[in-house]
Protein chains: 2
Amino acid sequence: MGRQKSTELSGVKEIARRANVSIATVDRVIHNRKGVSEATRQKISTIIAEMGFQPNILASRLASKKVNHFAVLIPKSTETDYWESTIKGVERAHQEIKQYGIVLDKYFYDLNHKKSFSDAAKLLLKKHCDGVLLAPSFIREATDFIDDCQSRAIPYVFINSDIPGKDSLCYIGPHLYKSGHQAAQLISFGLKAGKVLIVNISKEIDSYHHLLRKEEGFRAYFDNNRGAIKMIKIDIRDTDQRSIEDALDGVMSEHQGVDAIFVTNSRVRSVANYLVKRSLENKILIGYDFLQENVKYLKQGVIDFLIGQKPEEQGYVSLMMLFQHIVMGVAMPKVNYMPIDIITRENYEFYKN
Amino acid sequence: MGRQKSTELSGVKEIARRANVSIATVDRVIHNRKGVSEATRQKISTIIAEMGFQPNILASRLASKKVNHFAVLIPKSTETDYWESTIKGVERAHQEIKQYGIVLDKYFYDLNHKKSFSDAAKLLLKKHCDGVLLAPSFIREATDFIDDCQSRAIPYVFINSDIPGKDSLCYIGPHLYKSGHQAAQLISFGLKAGKVLIVNISKEIDSYHHLLRKEEGFRAYFDNNRGAIKMIKIDIRDTDQRSIEDALDGVMSEHQGVDAIFVTNSRVRSVANYLVKRSLENKILIGYDFLQENVKYLKQGVIDFLIGQKPEEQGYVSLMMLFQHIVMGVAMPKVNYMPIDIITRENYEFYKN
DNA sequence: CTGAAAGCGCTTACAG
DNA sequence: CTGAAAGCGCTTACAG
């Protein structure tokens, strides 16, 4: 391991020397603090530019002992589900940056109750906070909340879905339409002609809007590549296994000879379970999300493909974005679409959420 | 933005106070330096454990001005190729950690000349270095080099491929066998019966060994799921377009009615080009790597699937591993397989190498 | 508008 | 074997 006392001329001390001022004044200029004559400011700015000076962020955070609070507002998770991965990613990012004085405040809401969102949001706004990371599941409630954020000049990033028309620091999540498109392409690769069933399962009317965007993309693919594919669709609003099976029995008997099924969310496991019970495993089945239960059916060959949305990376990237923007002062892209991952029984063991 | 002077009792000062010693002695114990009586060491260790003390890495690196040199030894890249991405990932990681006093020394060799590897390795070993990241393309030469590393106690990580039997800090790269398996599954999803052609294109005898592991995995899939698939194979050692086309013409006329082609590396673009020239775009074509030229044919529908090996992430992760191990003292997994990514014309625009 | 001085939490000679 | 003191590059009161 080398050791080396710095001999190079750099840092605030050198700037101060060259400008013939104290380092305190240099500091004022670096941070755009007032109380510096225009002339001195000019002189120092020029020197900074010439030197290509980059402040030492370690020393800066150490000396200032500055603390930033970031708040995260997402659905609460139940065991092994999707949002569990998201919060895991957020926490992993926090581990990496907490030494810079980043405090993470977590707020969760219940996807079945809009009010829980507003309640959590209210709590959140009671404490000081320098940036927010939110999953705006409920359009109205989320809109109210971000209006509050805006009036307090708190920057926020959308995760997993966005609110069309509402400007945020950044959106991090999937391109829903395209992911539906991808599902369609996979089916059409394996099925040149036949009947395809689209299944939406959700009691959430609000989040239904996500599913619809996937469905649109799915349909559009066959419109452009129209061939011998017929499409049927069913919406299932009661999400217990029994109701799902009844609904599927209904549609299957009404429309004989379904060859492939596209489930627009992670409930594909319920459909897989149904297919096994009815000995219909040979149908092509595609759905969403790398969840334990889904992978089980993938391994068995009941589910052919899962489309992954990288919830953990979403969480990780989101918090990092906030950090890069607020602490490091780095510019960020407006949109950061997650990859559309294709998971199969051959590659699932190497998959990273 | 909050500000807050620390009031909590923590840090070396507090340890020193509790142990009734100076902070210098505390420092000696923290870093296992000698020159401390066993009694004092015991006392201090206990206090450290009790407090759950974690040294402030920012302050530590700032005060010590310690510098670590990491060396990277990989093939030199030509424009937009695979290794270009790898070095990009390495450099991105370096950007993030250089503030900790990490210096990156880059060495490149020519994949067409084994000697260039040894030469670069010799150069590398002339300078001080705390860790090495290497792509061991040439087994013999790489083995000699890591023996040197071992005798100097320099830790090293393998990237992109490993040397079976040679223990390293860590291997970061694809699971070659499984990725061949994946290619086979995709083909079999789209082709229930027919003829499949395996194509190896490489003038490199050494790196041939990689391709072979992919081919093995590919074949094994059809052995397990044997059906109406016949396999043919061709090795092409002259990699100019003309020779490739001649070779393909030969095999195609000898074996009529090939339905699908699996190219075991990124040269799939050459085969795609050939198929276009002969108006054979309707055949299923699968190959490797997210390179511009390959994506061009993916968009056109000539290539059906590309398998991505995440070269950039390989580079990023590798350097981070070295950093985590050497600077942060964190334990690392022995193997870090990259995901086996499936890239299509529907999802390529969201793909990250 | 400006500067001297103390301090962030740790490390490093140096002296004993 | 141990400690007092200076210093890393920056920030923050405080005084002028």
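Because the structure is a prediction, the values reported are computed rather than measured. To find a chain, count down the sequence lines: A is the first, B the second, and so on, and within it residues start at 1.
Applying the 4.0 Å criterion to OP1 and OP2 of C:dG3, one finds that A:T25 has a side-chain N or O inside that range. Close to D:dC1, at under 4.0 Å from its OP1 or OP2, lies no side-chain N or O of B:R41. Contact check, B:T40 against D:dC1: no side-chain N or O comes under 4.0 Å of OP1 or OP2. The phosphate of C:dG9 has OP1 or OP2 within less than 4.0 Å of a side-chain N or O from A:K65. Taking side-chain N and O atoms only, A:S37 has a distance below 4.0 Å to OP1 or OP2 of C:dT2.
In this structure, the nucleotide among D:dC10, C:dC10, C:dC8 sitting nearest to the side chain of B:K13 is C:dC8. With distances taken from any side-chain atom of A:N56 to the nucleotides C:dC10, D:dT2, D:dC10, the minimum falls on D:dC10. Distance from the side chain of B:F53 is smallest for C:dC10 among the nucleotides C:dC10, D:dG3, D:dG9. When distances run from any side-chain atom of B:P55 to the nucleotides C:dG3, C:dC10, D:dT12, the shortest one goes to C:dC10. If you check C:dT12, D:dC10, C:dG9 against the side chain of B:S64, the one that comes closest is C:dT12. Comparing D:dT2, D:dC10, C:dG3 by their closest approach to the side chain of A:S22 singles out C:dG3. Candidate nucleotides C:dT12, D:dA13, C:dG7 were compared by shortest atom distance to the side chain of A:A24, and D:dA13 ranks first. With distances taken from any side-chain atom of A:A59 to the nucleotides D:dG9, C:dC10, D:dT12, the minimum falls on D:dG9. Listed nucleotides D:dG9, C:dT2, C:dG9 differ in distance to A:V36; the shortest reach to its side chain belongs to C:dT2.
Residue A:R33 contributes atom CZ, which lies 15 Å from atom P of C:dG3 at whole-angstrom precision. At whole-Å resolution of the value, NZ in B:K34 and P in D:dT2 are 14 Å apart. Remark: C1' of D:dG9 and CD1 of B:I57 are 17 Å apart, rounded to the nearest angstrom. Rounded to whole Å, the distance from CE on B:M51 to C1' on C:dC10 is 14 Å. Atom CZ of A:R17 and atom C1' of D:dG9 are 16 Å apart (whole Å). Atom CG of A:L58 and atom P of C:dC8 are 17 Å apart (whole Å). Note: CD1 (A:I30) to C1' (D:dT12) measures 14 Å, nearest angstrom. The distance between atom NE2 of A:H31 and atom P of D:dA13, rounded to the nearest whole Å, is 14 Å.
A donor and an acceptor atom, one from each side chain of A:E96 and A:Y316, are located under 3.5 Å apart. Side-chain contact check for B:S77 and B:E84: at least one donor-acceptor pair (N or O, by modelled atom type) lies under 3.5 Å.
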- prompt: After noting the C-alpha distance and the side-chain angles of A:Y337 and B:F350, does the key distance pass the ring-ring contact (aromatic ring centres under 6.0 Å, His included) rule?
  reply: CA-CA 6 Å; A:Y337 286 122; B:F350 308 114; 5.5 Å; yes
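The aromatic rings of A:Y100 and A:F323 lie tilted to each other, with the angle between the two planes from 30° to 60°.
For B:R28 and D:dG3, a side-chain-to-base donor-acceptor distance below 3.5 Å is present, hydrogens and geometry of angles not being considered.
Between B:L169 and B:L322 the shortest side-chain heavy-atom distance falls below 4.5 Å.
Toward the 5′ end of DNA chain C lies the nearest nucleotide of A:G35, the other residue of the pair A:L62 and A:G35 mapping further downstream. Residue-to-nucleotide proximity on DNA chain D shows that, of A:I23 and B:I23, the 5′-proximal contact is made by B:I23.
Base pairing analysis places C:dA4 opposite nothing; no Watson-Crick or G-U wobble pair with both distances below 3.5 Å involves it.
Between A:E91 and A:K88 no salt bridge is recorded (no basic side-chain N to carboxylate O distance below 4.0 Å).
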